[in-house]
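To keep things clear, I will list the structure first and then write my remarks on it.
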Amino acid sequence: MKRMIFSLVILMFFLAGCAGQPQAANGGKVQVLASNEFLADLTRQVAGERAAVSSLIPTGVDPHAFEPAPQDVTRVAASQVLVINGGGLEAWLEGVLANAGGQRLVITASQGLVARPADDAEEHPEGDPHFWLDPLLVKTYIANIRDGLSQADPAGAQTYAANAEAYLRQLDDLDAWIRARVESIPPEKRLLVTNHESFGYFAERYGFTLVGAVVPSVSSSASPTAQDLAQLIDQIRQSGAPAVFLESGSNPELAEQVAADTGAQVVEGLLTHSFGPGVQDYIAMMKWNVDLIVGALGRE
Ligand SMILES: [Zn+2]
């Protein structure tokens, strides 16, 4: 019996070795560009060694306000595969693709997910694009990335399937970790006030109430009116929300004003769209956010 298990292990190593050999197009790695950092990380998790993956939008740059420069068009032109979030997050895409010319596979990571409607639906008919703040919705991202990479590089299909499978288990572990952490906050204290309307999917998944947002839009590039701010101040007072979460890269002024008027605390550093110091992958980003939220709301 022992010998049989030993042989099986050897066989598995052999098979894993075969599957891991780079046979990508153009004699090298598949050149993949992702529109932002967390998509680049998710793509690397699936691609393993078979692809060279980079992020178009750098750390700390708000994707809602991103304006591509000529060198960004050059990078898109050089890519074989482009991974985007979809759902209206990449408003710049059409122009860049037209300018880049050529052919590439575009993987829309959120394809197949049903968006929450935006409060400002006229401005954002596609709804809320922040699916990735719910790790169980990211499972769809992983499946789409796996299928897209397999289409671009069929020789790697087995590798992509195995890597995706392993990462889906990590997403389940992350979901369980978040649930356990969130349980320490009584449901009536799970009150979120954020800079813009980004945590809707997260709130739905983990039983939070969205009290309001400083910028009442699924895009951070909108501006609140005086009436919007007055309404938010009322909502914070009525709900007793203790914190206004400021997303990294956003302007603190309005949040500070709202906090001063309500006695709420400004909590900085929520990582909505990109990574931060010491937080260099999607799972770390989610854990960082949950620690920040639980730390601020779990207090007596
Ligand atoms: Zn956003």
Side-chain angles (χ1 to χ4, degrees), residues 34-42 55-68 72 83-93 96 108-111 113-138 140-141 192-206 208-224 228-229 232 243-255 258 266-276 279 281-282 284-290 292-293:
S35 68
N36 61 49
E37 284 182 311
F38 65 82
L39 287 172
D41 174 51
L42 297 175
S55 166
L56 187 67
I57 301 178
T59 301
V61 172
D62 182 344
H64 300 289
F66 177 66
E67 287 180 17
D72 296 315
V83 183
I84 62 164
N85 183 77
L89 190 66
E90 290 91 357
W92 44 267
L93 182 69
V96 166
T108 303
S110 68
Q111 194 178 327
L113 293 173
V114 178
R116 304 169 65 247
D119 287 341
D120 52 344
E122 264 172 45
E123 290 286 317
H124 301 283
E126 289 178 273
D128 183 351
H130 302 88
F131 303 104
W132 66 89
L133 294 168
D134 173 353
L136 297 185
L137 297 183
V138 170
T140 298
Y141 282 39
L192 285 178
V193 181
T194 49
N195 201 71
H196 74 307
E197 291 176 359
S198 49
F199 273 67
Y201 299 101
F202 176 90
E204 265 175 30
R205 181 68 69 192
Y206 300 109
F208 284 81
T209 301
L210 294 177
V211 173
V214 176
V215 178
S217 170
V218 295
S219 169
S220 55
S221 53
S223 294
D228 290 333
L229 288 174
L232 177 63
V244 178
F245 293 94
L246 196 57
E247 293 152 278
S248 67
S250 55
N251 187 332
E253 266 174 46
L254 289 174
V258 167
V266 175
V267 178
E268 286 184 47
L270 207 57
L271 296 172
T272 307
H273 311 103
S274 72
F275 299 154
V279 179
D281 63 62
Y282 167 74
M285 169 178 153
M286 290 304 295
K287 289 187 170 179
W288 167 272
N289 287 335
V290 170
L292 207 64
I293 290 169

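Start at 1 and go down the list; that is how both ligands and their atoms are numbered. Values reported hereafter were calculated over all heavy atoms of this structure, with side chains retained and with hydrogens, waters and symmetry mates removed.
Within the sub-2.8 Å shell of the Zn ion (ligand 1), the protein contributes these N/O/S atoms: His64 NE2, His130 NE2, His196 NE2, His273 NE2.
Evaluation of the salt bridge (charged side-chain N to carboxylate O under 4.0 Å, His left out) rule for Asp62 yields no partner, not counting sequence neighbours. Qualifying side chain to side chain contact (heavy atoms under 4.5 Å, CB included) partners for Pro135, counting only residues two or more places apart in sequence or in other chains: Leu171, Leu174, Ile178, Tyr206, Tyr282, Met286. By the side chain to side chain donor-acceptor pair (under 3.5 Å) test, Ser248 pairs with no residue at all, sequence neighbours left out.
Counting heavy atoms from C-beta outward, Pro224 and Leu254 have side chains that approach closer than 4.5 Å.
Salt bridge annotation for Arg116-Glu197: absent, with no cationic side-chain nitrogen under 4.0 angstrom from a carboxylate oxygen.
His64 and His130 have tilted rings, their planes meeting at an angle from 30° to 60° on a 0 to 90° scale.
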